[in-house]
Each structure stands twice: as C-alpha cells, then as structure tokens.
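To start, the structure under review is shown below, and the notes come after it.
Heavy-atom basis, side chains included; hydrogens, waters and symmetry copies ignored.
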Protein chains: 2
Amino acid sequence: MKAVTKAAGAAQDDPACSERLPLAARNGPVSMLVSRVARLHRIAAGKLLKGLGLYPGQEFLMMHLWDAGPVRQSELIKAVDLDPSTVTKMLQRLEQAGHVRRRPDPEDRRAVLVESTEASCGLLTEVQRSWGELEEQTLAGLTPDERIQLAHLLTRVEANLCTETADCPEVARREALG
Amino acid sequence: MKAVTKAAGAAQDDPACSERLPLAARNGPVSMLVSRVARLHRIAAGKLLKGLGLYPGQEFLMMHLWDAGPVRQSELIKAVDLDPSTVTKMLQRLEQAGHVRRRPDPEDRRAVLVESTEASCGLLTEVQRSWGELEEQTLAGLTPDERIQLAHLLTRVEANLCTETADCPEVARREALG
DNA sequence: GCGCATTCCTTGGCCGACCAAGTTAATCTC
DNA sequence: GAGATTAACTTGGTCGGCCAAGGAATGCGC
C-alpha cells in the first residue's frame, strides 16, 4: 500500500542505490547520504551566513535570543542543547562582534543574562531571508507533496536519533503525544 | 498523482508543521529539520565510533583507505572532498594512533602515499557493524518503502546542494546522466 | 637550460563542538 | 548558622573543519 517506488530504472533492493559506496558503508547507505547532505547543507548555510558576519552555528543562538529576549544563559544552553562551554565561547565572540549583550543577573549572582543588541535586529531580517533562500535551494525541484513527505520522514528520523541519544526535550514530548 | 500525504491529522499547509519554530526559521522548516537531524546523526555516529578509538569524521578517511589501498594524499583529499589542511592533520593523528601509515611517494617527491595499517583491518569489520547499527537506529520504524523514499528525496536534496556548492564530482556526474 | 606557473603538502590561526576540571554562588541539610 | 550539595558559568585542552600563506618539487614555455 502507498507504494511510491518512483517508477523503475534506478531503484534496487536496498535504499539509496549503493553506487560506488565504500565497502565499509554498504550497511548504511542512508546514513552515508545523511552525512553528505548534512555537510553540504552546513556549507551552504555557512556561505549565506558569512555575508552577514555570522559563523555557522551562531544562527541558532541568535534565533533563540531574538525570540525569547533577555534570557538566562543556562536557559539558552538548554534551548539550543549545546555544551555549556561551547555556548560560553560563542557568546564571548558574539558579544565582541556586537551582536549580543551580557550582564549579570541581579537575582542570581552566578547567572548571566543574555540578549541580542538592537544592532542585531537588522540581522534578523537578513537571517530570515537567507534561511528562506537556503530552504529553496535545498528543496529545489521537489513538489509540495514531496517536501511534506521529506519533512515527515526526517521528523521520524529525528525522533529515532533523539530517543537513543536520550537528550532532546521537544521530540521526547512530541513522542509522548503520538 | 502519487499523493502520499500520510493520511491527515498532523500535516498543515507548510512542510514540517512549524510547531514552535524560531521566528527567524519559519522560512525554512525543513532546513531546521536537516540541521537537527544532522547533528543528532553525527552525535550518534560519534558515540559508536568512540568505542573503536575513532573520532567522528575519521571514518570516511579510513573507509576510502580500506577500499583503495595505498593512495596519494592528494587523491584521498579529492575523494573525501575536504580541505587539504584538514586531511593533513587528521592523518597525523591517525598515524600516531596506528591506524594509518604514510611514506613518501618515490615517483613524486612532493607527494606522500597513505595506507591503512594491518592493525586497522580489525577496525574495518567493527566500523562496518557500527555503521549498520547506526543505519538501523536512524531508520527504525520506517518501512522498506519509506526508506527508499527517504533515500530518493535525500539524493535529490544532495544534488541540489551540490550544484550550488559546485563542488561534488560524483553528484555532478550523476546529474549529467539523469 | 631558465623561469614561471602548478601541484602537493604543511603550518598557523580561527571557529564550532566536546570533555574534564575548577570557581563562585545559591541551596539544602542538620 | 556551618557544612555539604548542587547549580551556573569559565578555562584549558582536543578534534573536525575552514582559510590564508608558505615551502618544495614538478612541469611547462621558450
């Protein structure tokens, strides 16, 4: 049922016709595909972001700050789910670049509040634009249906990888409901 | 034709129901998904590989060496499509770890030949196993049909990102034929 | 043969990401 | 309230990546 095997011609038995795949990766053609797509996607994002004075990865931090306003660093860390030390260093650089401001939390002298600067508000719209451009570049030639399919499949893959990593609040919650 | 909209219930108009997505990423829900899946997949791979004494990324280098035997470093660089300096440093560490041997090419005194050591042959089977495990973990719960679908969609996405990056020989060739 | 461009690799620097260990402040316990 | 525990960063180190710049050998033009 709902067989969509994309006509015939290139599809073999295993997913992702294993055309000249390393022997050691024959057991995981889709994983190979995921790795390559991941790298290309990150590179593409990096290129778009470089023009805006952002390094790849910093976008996610800024996105959360734009959404949430002034926020405890600890909460930011939970939100982006990165190592605390990683966030510390990224924030130091973002602060030096003028995209972010940090000040001690008056209510808890160990904590620090982080917020995006007014100067970075221009960045928001540009990041928004770049992100849309990246999306179209990624999905070019795919029909709306195929895009939805892809999104669904990736969501399930994400859930799979999350439950194993056991470290992904949003997906865990999503799982519990489904 | 071939509408597979996965019944109804959760799907909205845009791909990847934009549940609590950062405002700045509303234009690119699938890109967001790709980023997250990429990170989780890399983490999962890293965990499996750590037990084998490999750092994430080194697998691809080793895979090519296992396949191709002694090889010029320049060819290895082309094969994995990484920065030459990255490969140099990775090889220095892999050599120090005993996974790889390097010697000057007698036919070209600037070049260096690289090969996997005999000791690393045990690694091959373990990497193969880990890679299969990762694949199953990634694709758990997906039917064979869905796996094929996903593989096809990712292949097209890869092609999209490649042509823009203009730096992906295999896909370029694949494109020319299709 | 000589000079110049090309190829091949290395070094240094930077950033994202991790881990391990440490510091300071809040909190919990008795 | 003193002492132990926990929470919130920070620092230092390591790796995978990139870029820029450099040194060394090869190849080409003439």
Side-chain angles (χ1 to χ4, degrees), chain A residues 35-36 38-62 71-97 99-100 102-114 165 167, chain B residues 35-36 38-47 49-50 52-62 71-97 99-100 102-114 165 167:
Chain A
S35 299
R36 290 204 301 256
R39 177 160 170 270
L40 292 170
H41 188 267
R42 188 179 180 87
I43 290 177
K47 268 188 183 171
L48 291 174
L49 261 38
K50 177 179 297 186
L52 311 182
L54 281 181
Y55 291 93
Q58 300 184 333
E59 348 131 28
F60 304 110
L61 231 55
M62 294 306 299
V71 129
R72 260 186 176 72
Q73 187 166 324
S74 62
E75 187 179 336
L76 184 58
I77 288 169
K78 270 188 301 183
V80 297
D81 191 32
L82 285 177
D83 192 272
S85 64
T86 300
V87 173
T88 293
K89 289 168 192 169
M90 283 174 76
L91 285 178
Q92 289 171 347
R93 286 158 192 154
L94 283 170
E95 183 173 32
Q96 189 174 359
H99 298 315
V100 137
R102 304 166 76 202
R103 75 185 120 94
D105 184 341
E107 300 186 5
D108 186 338
R109 275 161 47 197
R110 351 166 241 182
V112 21
L113 291 178
V114 191
T165 309
D167 179 49
Chain B
S35 300
R36 290 204 302 256
R39 178 162 169 270
L40 292 170
H41 188 266
R42 187 180 180 86
I43 289 177
K47 269 187 182 173
L49 259 40
K50 177 179 298 186
L52 311 184
L54 282 181
Y55 291 93
Q58 300 185 333
E59 346 131 28
F60 304 112
L61 232 54
M62 294 306 299
V71 129
R72 260 186 176 73
Q73 187 165 325
S74 63
E75 186 180 336
L76 185 57
I77 288 170
K78 270 188 302 184
V80 297
D81 191 33
L82 286 177
D83 193 273
S85 64
T86 300
V87 173
T88 293
K89 290 169 192 169
M90 283 174 75
L91 284 179
Q92 289 170 346
R93 287 158 191 152
L94 283 171
E95 183 173 31
Q96 189 174 359
H99 298 315
V100 138
R102 306 165 76 203
R103 75 185 120 93
D105 183 343
E107 300 186 4
D108 187 338
R109 273 161 48 197
R110 343 163 247 185
V112 20
L113 292 178
V114 191
T165 310
D167 180 46

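Note: OH (A/Y55) to P (C/dG13) measures 16 Å, nearest angstrom. Following rounding to the nearest Å, A/R102 (CZ) and D/dC9 (P) show an atom-to-atom distance of 9 Å. When rounded to the nearest whole Å, the span between CG of B/L91 and P of D/dC15 equals 14 Å. The distance between atom CE of A/M90 and atom P of D/dG17, rounded to the nearest whole Å, is 18 Å. Per the geometry, CD belonging to A/E95 stands 14 Å off P belonging to D/dC9, to the nearest Å. Separating the CZ atom of B/R93 from the C1' atom of D/dG13 is a distance of 12 Å, rounded to the nearest angstrom. Residue A/I77 contributes atom CD1, which lies 13 Å from atom P of C/dA17 at whole-angstrom precision. Rounded to an integer number of Å, the gap from CG of B/L54 to P of D/dC15 is 13 Å.
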Side-chain donor-acceptor distances from residues 82-94 of chain A under 3.5 Å, at least two apart:
unit_1: A/D83; atom_1: OD1; unit_2: A/S85; atom_2: N; d: 3.0
unit_1: A/D83; atom_1: OD1; unit_2: A/S85; atom_2: OG; d: 2.5
unit_1: A/T88; atom_1: OG1; unit_2: A/Q73; atom_2: NE2; d: 3.3
unit_1: A/T88; atom_1: OG1; unit_2: A/P84; atom_2: O; d: 3.1

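To the nearest 0.5 Å, atoms CD (A/E59) and OG (B/S35) are separated by 6.5 Å. Between B/R72 atom CZ and B/K78 atom NZ the span is 10.0 Å, to the nearest 0.5 Å. Remark: A/M62 CE to A/L49 CG distance equals 11.0 Å, nearest 0.5 Å. Atom NZ of B/K47 sits about 15.0 Å away from atom CZ of B/R42, to the nearest 0.5 Å.
Contact annotation: B/T88 side-chain N/O to C/dT10 OP1/OP2 distance is under 4.0 Å. Between B/Q92 and C/dC9, a side-chain N or O to OP1/OP2 separation shorter than 4.0 Å is absent. Taking only side-chain nitrogens and oxygens, A/S74 comes nearer than 4.0 Å to OP1 or OP2 of D/dC9. Contact check, B/Q58 against D/dG16: a side-chain N or O comes under 4.0 Å of OP1 or OP2.
No side-chain heavy atom of B/K50 sits under 4.5 Å from any side-chain heavy atom of B/L52.
Checked against D/dG13, D/dC18, C/dA17, the side chain of A/K89 finds its nearest nucleotide in D/dG13.
Within residues 105-112 of chain A, the residues that have a heavy atom under 4.0 Å from DNA chain C are, in order of number, A/D108, A/R109, A/R110.
Residue B/R72 is out of contact with every strand shown, counting any heavy-atom pair closer than 4.0 Å. Residue A/L82 is classed as a sugar-phosphate contact, given heavy-atom separations below 4.0 Å to backbone atoms only. When heavy atoms are screened at a 4.0 angstrom cut-off, B/T86 is found touching base atoms of the nucleic acid.
Along DNA chain C, the nucleotide closest to A/P56 and the one closest to B/Q73 are compared, and the more 5′ of them pairs with B/Q73. The residue among A/F60 and B/V87 whose nearest nucleotide of DNA chain C is located toward the 5' end is B/V87.
Looking at B/D81 and A/R39, a side-chain N of the basic residue comes within less than 4.0 Å of a carboxylate O on the acidic one, giving a salt bridge.
Taking each heavy atom of A/G53 and A/Q58 in turn, the nearest pair found is O-OE1, 4.4 Å.
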